[in-house]
Amino acid sequence: MKRMGVDVGGTFTDFIYVDDNGKIEVYKTSTTPSDPSVGMMEGINAICEKLQIAHDEIDEIFHGTTIATNMVLEHKGARAGMITTKGYRDIIHIARHKRPTNFSIVEDIPWQKYPVCARRDRYGVSERVVAPDGAELIPLDEDEVRTAVRKMKEDQVEAIAVCFLFSFLNPAHEQRVKEIIKEEYPEVYISLSSEVLPQFREYERFTTTGLNAYIGPTTARYIKQLLHTLKDQGYRAKVHLMQSFGGVASAEAAQEKPVNLLLSGPVGGVLGAIWTTKLTDLTNVITLDIGGTSADISVLADLNSSMKHLLDTKVGGYAAMVPMIDVGTIGAGGGSIAYIDEGGFFRVGPQSAGAVPGPACYNRGGDKPTVSDANIILGRLGTKLLGGRMEIHPELAEQAIMKEIGEPLGQTLDEATLGIIEIMNNNMIQEIEKESVRRGFDPREFALFACGGAGSLHACSVARELGMKHVIIPLNPGALCAVGLVNTDLMYDYSKTEMQLSTKADLAALQRDYAALEEEAWEKLLEDGMSAEEIVIQRVADCRYEGQGYEMRVPVIGGSVTEDTIEKMKESFHEAHKKQFGRSYRQVAVEIVNIRVIGTGKIEDLEPIRIEHGDGDVSRAVTGERNVTFKVNGKPEHRMTKIYDRSLFRSGDEIQGPAIVNQMDTTIVIEPDCVGHVNDFGIIVIDIPEA
C-alpha cells in the first residue's frame, strides 16, 4: 500500500509519502493561492520522481485543504439562493439577536453584511409541517417553487439551499423541491437542510445549509478538477478529504457536504500529535501548530481530542453547526506582519504576508517585516530553507525591520527583532491560557507539542513562560498535518433530532431511528470500498437536563434499545456534566435531544520506525556554528551556537542548549539551559528548566 498525505496551508503545502516497506518521504512546496491544485501536483510529482515511483502505483491520497474555509473568511463563495417557508426568509439575517460586540452600534455583523444567501435571492413558498411528528399542515405549493427556481435560473444563481421549518421531522417537502429544481435547473448545486443538518434550531440549520450552498459549487469544481488532473497524469489513487470532526470522506461525499471541510486543515495536526505522543512517555499535551499564516492550539488531556459544542462551531462569524474537533486559531505565523498601529503600539499579526508576496527575506516583493524576518536576523533560521531549495535574503529582512519598527521606536536591530518574537510568543501564550486555564486545565501538567513549520522555533520560549516542563518535537513537525492525514480513518456522521425525556423514552422509536442512521453509515462505507470487517459503528446522543438549553455528547451502547440502555446513557451524562461543570443533578430528568451515529471505516495506521541507537557522541550531527541572539536576563545576548543535522541523530542522543537543529521542513531552537533527548523513534523531547 502506497499512501500520500497532502495538506494545503496558507503559505506552504506539505506532503508525506508512506508505504508498507517503511519508506517515508516528506516534502514541502509553496502554496499556489490562485489554484491550490498546482502546488499540490508539483509536490506529488516531485516525490514520485525522487523515489522513482510510477504514478499509477499510488493507492491513496489523503487531502487536507483550506479552500472551503478561505471562501467563507474572504467572502468569495458562489451566488447562492434559498427557498424557505413563507414568512421565514429573514431568519439568517435576524439570527439570535446577538452581536459579536454587545455595545457597539457601528459594528459590521458578518452574517448581515456578507449574507451567504442575499435577500433578493431568498424566496418564501407556501408549505408547513408541524411538531411533534412532522404532520403536514399546509401542502407544498409547487407552482410557487417553480416560479422561484425559474427566477433564480434567470438571475444565474449558482446554488440553491432549501430550508423548511420542521423538515428535520419530515423531509418530504424538501425532497419534492429537490425534484422540481432538477427538472427546472438541473445544473445548479442543491443543498437540503434535511440532508445537511436534520436537527432542530432553525437559525443554525438554515445558516449551515446556506454555507453548504455558498461553498458548494467552487469546492465541487476544485475536487472534480483535481480528480481530472490526477487521472490525466496517470494517477489512479482513491482521494479522501479531511473533515472537521477528525475523519476523512471520499471525494464524492466531500462534494455533497463541503461544509464538513471547514476546519479540514488544523484537524490533521491534532491527529498527528496524538499518534506521535503515543510513542513517548507523555500523555497530556497542548498542541502548538504554527504555520506561515496562523497558529492552531488544541488541548489533549489523556490524548483525547474534545469536540466543540454545536452552538460554538463558527467560521468567520457564521454559525456552522457541524461536528468539529476543538481547535483554537489565531493569526500568528511565520508570515505575521509586525507594525506600529495608529496609537503607536507595537503589534504583530493577525495580518500575514502569506505565500505571496511573503516575508521580506523571501525576495518575492514583500517589504513588511514578519516573524520569519526576525528569526532570520536573530540567527535562528539559516539562509536556505526547504532543504536548500529556497534562498533567503537577510539584508532585505534587516531593511524592513529597521524601516518599519526599529527607526520609528528608536530601537536597535536586536531590540526590534527580539520585540517581534516576544509579542508573537505572548499572543500564543494568551491563546494557550484561553484554551487551557479558562477551561480548568493547568498547562504546567501538560507538555507542549510543537509542530507546523514554525512551531519548533518558538516552543521553548512559550513553554518556559507557561511553566511547562517538556516540549515534544515530532519527526516531521512541518508536515505533521500530512502525517495526521495518512493516519486517519474514513468517517461519516449522521444525526436526527429526538427530543425525548429519559423518564418516558419511546424505546421503539429510538431503536428504529438508530437503525436507520446505522444503515446509512453502512451503505456509505460499503460504497467507499470498505469491507464489513473494517467498519465500526458508534452510537452517541446529545443530552441535557430537562429545562437546560445546552446539551453534551455521551456514548450509547449498541444493540437493542432497552431501559438498561437509557440508564447507562443517563449515568454517562451525569458523569460528563460533573466533569465539565463541577456538579451533576441526578434528581432531574435527562432529555435526549439528538441521536447520532458515527460510521468509521478503519484504515491501517502508519507503522512507526525505530532509529539506530547511538554511542552518546552527538558531534557526528554537528554541521557548523553561528551567532544566535537570545534574551538573557532581559537583555539581548549573542551566543555561539552549534548547528545540527537532525537526520544524523541517533536514539539516546542528548543535545545541550543552545542549539539549532535543521531539517527540511522546520528549524528547531533548543534554548540555553534546555536539553533535548532523542527517543527510539527519532522524536525529540526537550526538558525545560524551572524559571
Side-chain angles (χ1 to χ4, degrees), residues 1-9 12-17 27-51 53-71 74 76-80 156 158-159 182 185-191 212-243 248-262 264-265 268 355 481-482 485-486 488 490 492 524 527-530 603:
M1 178 73 74
K2 294 179 173 64
R3 288 184 270 177
M4 195 91 72
V6 185
D7 178 61
V8 179
F12 290 107
T13 298
D14 304 325
F15 304 82
I16 185 168
Y17 164 86
Y27 195 77
K28 288 176 83 78
T29 63
S30 293
T31 294
T32 49
S34 59
D35 183 357
S37 65
V38 173
M40 179 174 172
M41 294 308 304
E42 177 188 335
I44 292 174
N45 290 336
I47 289 178
C48 288
E49 183 178 347
K50 180 178 180 179
L51 300 181
I53 297 171
H55 291 185
D56 60 3
E57 291 182 43
I58 301 296
D59 298 295
E60 293 181 315
I61 295 174
F62 297 83
H63 182 22
T65 176
T66 58
I67 183 170
T69 312
N70 291 343
M71 270 188 283
E74 298 171 9
K76 294 181 178 178
R79 181 176 177 180
Q156 297 183 324
E158 299 174 72
K182 287 184 174 180
Y185 194 2
E187 63 270 31
V188 77
Y189 187 92
I190 305 172
S191 178
N212 197 69
Y214 183 69
I215 63 177
T218 302
T219 305
R221 282 195 296 269
Y222 168 75
I223 295 172
K224 288 176 182 176
Q225 179 59 42
L226 177 61
L227 295 175
H228 181 73
T229 303
L230 286 166
K231 185 177 180 180
D232 280 355
Q233 296 190 22
Y235 293 95
R236 300 293 180 265
K238 293 181 181 178
V239 176
H240 308 291
L241 285 94
M242 175 61 79
Q243 301 174 99
V248 292
S250 66
E252 293 72 25
Q255 292 177 59
E256 295 171 4
K257 290 179 67 171
V259 73
N260 282 330
L261 306 179
L262 284 173
S264 174
C481 287
L485 287 170
V486 296
T488 304
L490 270 171
Y492 297 104
K524 187 60 186 171
E527 183 183 311
D528 287 345
M530 306 304 295
I603 296 175

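Keep in mind the model is a prediction, meaning the values are calculated, not measured.
Considering only heavy atoms from C-beta on, Thr65 stays 4.5 Å or farther from Pro36 through its side chain. When side chains are defined from C-beta on, Arg79 does not count as touching Gln156, because their heavy atoms never get closer than 4.5 Å. Inter-residue side-chain proximity for Leu262 and Ile215 is flagged as met; some heavy-atom pair is nearer than 4.5 Å. Two residues are said to be in side-chain contact when any heavy atoms from C-beta on lie closer than 4.5 Å; Val6 and Thr13 meet this criterion. At a threshold of 4.5 Å between non-hydrogen side-chain atoms, the residues Pro258 and Asn212 count as touching. Using a 4.5 Å heavy-atom threshold, the side chains of Leu227 and Gln255 count as touching. Side chains of His55 and Asn45 form a contact here, defined as non-hydrogen atoms less than 4.5 Å apart.
Using a 4.0 Å cut-off between a side-chain N of Lys or Arg and a carboxylate O of Asp or Glu, Lys2 and Asp59 do not qualify as a salt bridge.
Between atom CD of residue Glu42 and atom OG1 of residue Thr32 there is a gap of 8.0 Å, rounded to the nearest 0.5 Å. In this structure, Arg3 CZ and Tyr17 OH are separated by 11.0 Å, a value rounded to the nearest 0.5 Å. Rounding to the nearest 0.5 Å gives a distance of 9.5 Å between CG of Leu261 and CD1 of Ile67. Taking CZ of Arg236 as the reference point, atom CD1 of Ile61 lies at 11.5 Å (rounded to 0.5 Å). Taking CE from Met71 and OH from Tyr214, the interatomic distance works out to 8.5 Å, rounded to the nearest 0.5 Å. Between the CG atom in Leu226 and the CD1 atom in Ile223 there is a gap of 8.0 Å [rounded to 0.5 Å].
Looking at residues two or more places apart in sequence or on another chain, you find a salt bridge (Lys or Arg N to Asp or Glu O under 4.0 Å) between Lys50 and Glu25. The salt bridge (Lys or Arg N to Asp or Glu O under 4.0 Å) search around Glu252 returns none, not counting sequence neighbours. In terms of the salt bridge (Lys or Arg N to Asp or Glu O under 4.0 Å) criterion, Asp7 has no residue partners (sequence neighbours excluded).
Residues Met242 and Gly268 approach most closely at CE-CA, 4.1 Å, considering heavy atoms. Of all non-hydrogen atoms in Tyr189 and Ala220, the two that sit nearest each other are CE1-CB, 4.5 Å. Pairing each heavy atom of Ser250 with each of Leu490, the nearest pair is N-CD2, 4.0 Å. Here the closest heavy-atom approach between residue Tyr235 and residue Met41 is recorded as CE1-CE, 3.8 Å. For the pair Gly5 and Ala482, the tightest heavy-atom approach, listed with the atom from each and the gap, is O-CB, 3.7 Å. For Ala237 against Glu60, the heavy-atom pair with the smallest separation is CB-N, 3.8 Å.
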Test side chain to side chain contact (heavy atoms under 4.5 Å, CB included) applied to Val248 and His63, step by step: CA-CA 8 Å; Val248 292; His63 182 22; over 6 Å; no
Chi angles and distances behind the side chain to side chain contact (heavy atoms under 4.5 Å, CB included) call for Asp528, Lys238: CA-CA 9 Å; Asp528 287 345; Lys238 293 181 181 178; over 6 Å; no
